[in-house]
Amino acid sequence: MTAAPRTLVVRLDSAGDVLLAGPAVRAVAAGSAYTALLCGPQGEQAARMLPGVDEVLVHDAPWVGLEPAAVSREETLRLLGELAERRFDRALILVSYHQSPLPAALLLKLAGVGWTAADSEDYPGALLDLRHHRRPHRHEALAALDLAEDAGFALPRGDDGALRVAAPPDTTGLTGAEPYVVLHPGAAVPARAWSAERAARAVVALAAEGHRVVVTGGRGERELTARVAGRHALDLGGVTDLRQLAGVLARARVAVTGNTGPAHLAAAVGTPVVSLFAPVVPAERWRPYGVPFVLLGDQRAACAGTRARRCPTPGHPCLDGIGDAEVLAAVAELSGGRTTDRPVGMNNLTETRKTAHQTTVTKGANERGVTR
């Protein structure tokens with residue numbers, strides 16, 4: 001009988017990218033004696049929350065990120081030493097549809113990793129043992145899982161393939177016990193978020209409709225969240241780390257957020273998402289996965305598919321043009337029209353995840369995808 005391998009999964013980039021890799025990581029862990037995840041600094045907190053990960057390795061790779069690190073011989077040699085020391089038998093390199101896995105593949109070969117697989121449109125030469133081609137229009141979570149399965153790793157029986165994180169903490173002390181809707185106004189890429197003024201108007205509209213609103217954001221977003229929350233919402237900007245944010249999202253009836261990490265974190269704890277989705281990247285690949293969602297935003301805007309970081313059109317019409325009535329209708333649809341609390345627990349999450357692939361899309365000026 002062949003011994004289970006020691007396997008490394010590589011997923012660099014942001015926390016959201018790491019969360020989307022979760023199902024593939026669990027598949028790898030089910031077929032491995034030891035599973036490590038190599039991520040970047042922005043993804044470390046998310047990596048430490050993924051089930052199935054025995055060890056997290058961190059490398060600030062100079063070929064990824066909005067502000068990539070400088071190329072460093074010292075840091076590269078440090079990484080090679082760490083990888084060689086662990087004697088991995090196999091490795092999977094997970095990348096987004098527009099990225100190349102070959103820089104990472106070269107380092108893995110130099111570190112002595114015996115067998116490496118990745119999606120690659122570029123000719124890999126001797127760098128990959130399995131050159132995988134992703135299926136067209138595939139969601140990022142499914143593309144990663146496809147690679148894992150073709151590399152010989154399958155999800156264990158009873159695993160539905162949804163996003164998942166370790167049980168988040170009880171954050172009732174931060175939010176209070178009353179039911180609430182989360183609004184997360186920020187994003188690392190400004191083109192993927194509402195303007196502060198538009199987000200503040202949405203808070204007022206939600207509060208007027210009877211919703212208690214909790215505004216969330218990172219430490220660098222305190223000024224933004226204070227402006228958005230105003231007198232109408234609870235401001236938790238800068239108060240939570242990623243694990244605590246998971247707890248806040250887990251108790252929310254609905255999360256309203258742009259295409260950013262908290263959207264995927266909400267999905268990982270089973271919370272429905274009103275997705276304010278700018279079309280700079282395709283929604284079919286990056287929309288909320290595995291939970292009920294409503295997609296708002298003009299998916300036919302001029303910036304579609306450009307991966308622009310800042311909106312090229314004055315007024316940011318694809319997102320700021322979303323009306324309050326659309327937001328309120330989406331929140332009502334996902335919460336069943338209630339302003340009372342919904343139970344949070346595994347039964348609730350399981351029922352939610354059963355709807356993961358039952359998606360209908362109604363096209364118009366604002367494309368909406370609703371899972372039922």
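FYI, the numbering just counts along the sequence from 1. Keep in mind that this is a model prediction, so the values were computed, not measured.
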* Under 6.0 Å between the ring centres of H211 and Y180? -> no
For residues 48-56, which side-chain donor-acceptor pairs fall under 3.5 Å, sequence neighbours excluded?
unit_1: R48; atom_1: NE; unit_2: E44; atom_2: OE2; d: 3.1
unit_1: R48; atom_1: NH2; unit_2: E44; atom_2: OE2; d: 2.9
unit_1: D54; atom_1: OD2; unit_2: T35; atom_2: N; d: 2.8
unit_1: E55; atom_1: OE1; unit_2: Y34; atom_2: OH; d: 2.9
unit_1: E55; atom_1: OE1; unit_2: R86; atom_2: NE; d: 3.1
unit_1: E55; atom_1: OE2; unit_2: R86; atom_2: NE; d: 3.0
unit_1: E55; atom_1: OE2; unit_2: R86; atom_2: NH2; d: 2.8

* **Validation row: L319, R192 side chains within 4.5 angstrom (heavy atoms)** => no
* Do other residues, nucleotides or ligands put more than 12 heavy atoms under 6.0 Å from H98 NE2? -> yes
* To do: State yes or no: do W286 and V64 share one hydrophobic cluster built from I, L, V, M, F, W and Y residues joined by side-chain heavy-atom distances below 4.5 Å, directly or via other members?
  => no
* Structure fact -> Residue pairs passing the side-chain hydrogen bond (donor to acceptor under 3.5 Å, both in side chains) test with at least one member in residues 254-267, sequence neighbours excluded, are none
* **Hydrophobic cluster partners of V71 (side-chain heavy atoms under 4.5 Å)** => none
* Do V10 and W63 belong to the same hydrophobic cluster, where Ile, Leu, Val, Met, Phe, Trp and Tyr are linked whenever their side-chain heavy atoms lie under 4.5 Å apart, directly or via other members? -> yes
* Would one find more than 12 heavy atoms of other residues, nucleotides or ligands at under 6.0 Å from atom CD of Q42? -> no
* To do: Answer whether the closest heavy-atom distance between the side chains of C303 and C311 falls below 4.5 Å.
  => no
Under 3.5 Å, side-chain donor or acceptor atoms of residues 108-119 against the rest of the protein: list the pairs with distances, not counting sequence neighbours.
unit_1: K109; atom_1: NZ; unit_2: D129; atom_2: OD2; d: 2.7
unit_1: D119; atom_1: OD1; unit_2: H132; atom_2: ND1; d: 2.5

* Partners passing salt bridge (Lys or Arg N to Asp or Glu O under 4.0 Å) against E82 (at least two apart in sequence or in another chain) -> R78
* Asked: Under 4.5 Å between any side-chain heavy atoms of L236 and T175, yes or no?
  -> yes
* With sequence neighbours left out, what residues match H59 under ring-ring contact (aromatic ring centres under 6.0 Å, His included)? -> none
* **Cluster companions of L155 among Ile, Leu, Val, Met, Phe, Trp, Tyr (side-chain spacing under 4.5 Å)** => L145
* What's in the same ILVMFWY side-chain cluster as L66, cut-off under 4.5 Å, chained through other members? -> V189
* To do: Report yes or no: do W194 and V204 belong to one cluster of Ile/Leu/Val/Met/Phe/Trp/Tyr joined by side chain heavy-atom distances under 4.5 Å?
  => no
* List for me each residue that meets salt bridge (Lys or Arg N to Asp or Glu O under 4.0 Å) alongside R212, sequence neighbours excluded, and say none if there are none. => E178
* **Side chain to side chain, T271 and V273, heavy atoms closer than 4.5 Å** => no
* To do: Determine whether R131 and D122 make a side-chain contact, defined as any pair of heavy atoms from C-beta on separated by less than 4.5 Å.
  => no
* Asked: Any link between V228 and L328 through a network of hydrophobic side chains (Ile, Leu, Val, Met, Phe, Trp, Tyr) touching at under 4.5 Å?
  -> yes
* Asked: Quick check: does any side chain N or O of R219 sit under 3.5 Å from a backbone N or O of V239, one acting as donor and the other as acceptor?
  -> no
* Asked: Looking at side-chain heavy atoms only, is the closest gap between S32 and R6 below 4.5 Å?
  -> no
* Asked: Residues in salt bridge (Lys or Arg N to Asp or Glu O under 4.0 Å) with D146, at least two apart?
  -> R138
* To do: Applying side-chain contact (heavy atoms from CB on, under 4.5 Å) between V28 and each of L37, L147, V9, report the one that passes.
  => V9
* Asked: Out of curiosity, F277 CZ to L296 CG, how far, rounded to the nearest 0.5 Å?
  -> 12.0 Å
* Knowing that exactly one of R134, R285, R287 qualifies, which makes a side chain to side chain donor-acceptor pair (under 3.5 Å) with E140? -> R134
* **E149 atom CD, over 12 foreign heavy atoms within 6.0 Å** => yes
* Any salt bridge (Lys or Arg N to Asp or Glu O under 4.0 Å) pairs touching residues 225-241, not counting sequence neighbours? -> E197-R227
* **Connected via hydrophobic side-chain network under 4.5 Å: Y97 and L142** => yes
* Would you say P124 and L102 make side-chain contact, with heavy atoms under 4.5 Å? -> yes
* Are the side chains of V213 and L234 in touch, meaning some heavy atoms are under 4.5 Å apart? -> no
* Pair R11 + D13, salt bridge at N-O below 4.0 Å -> yes
* Going by the side-chain hydrogen bond (donor to acceptor under 3.5 Å, both in side chains) test, which pairs reach into residues 305-319, not counting sequence neighbours? -> none
* To do: Calculate, to the nearest 0.5 Å, the distance between atoms CG and SG belonging to L57 and C39 respectively.
  => 8.0 Å
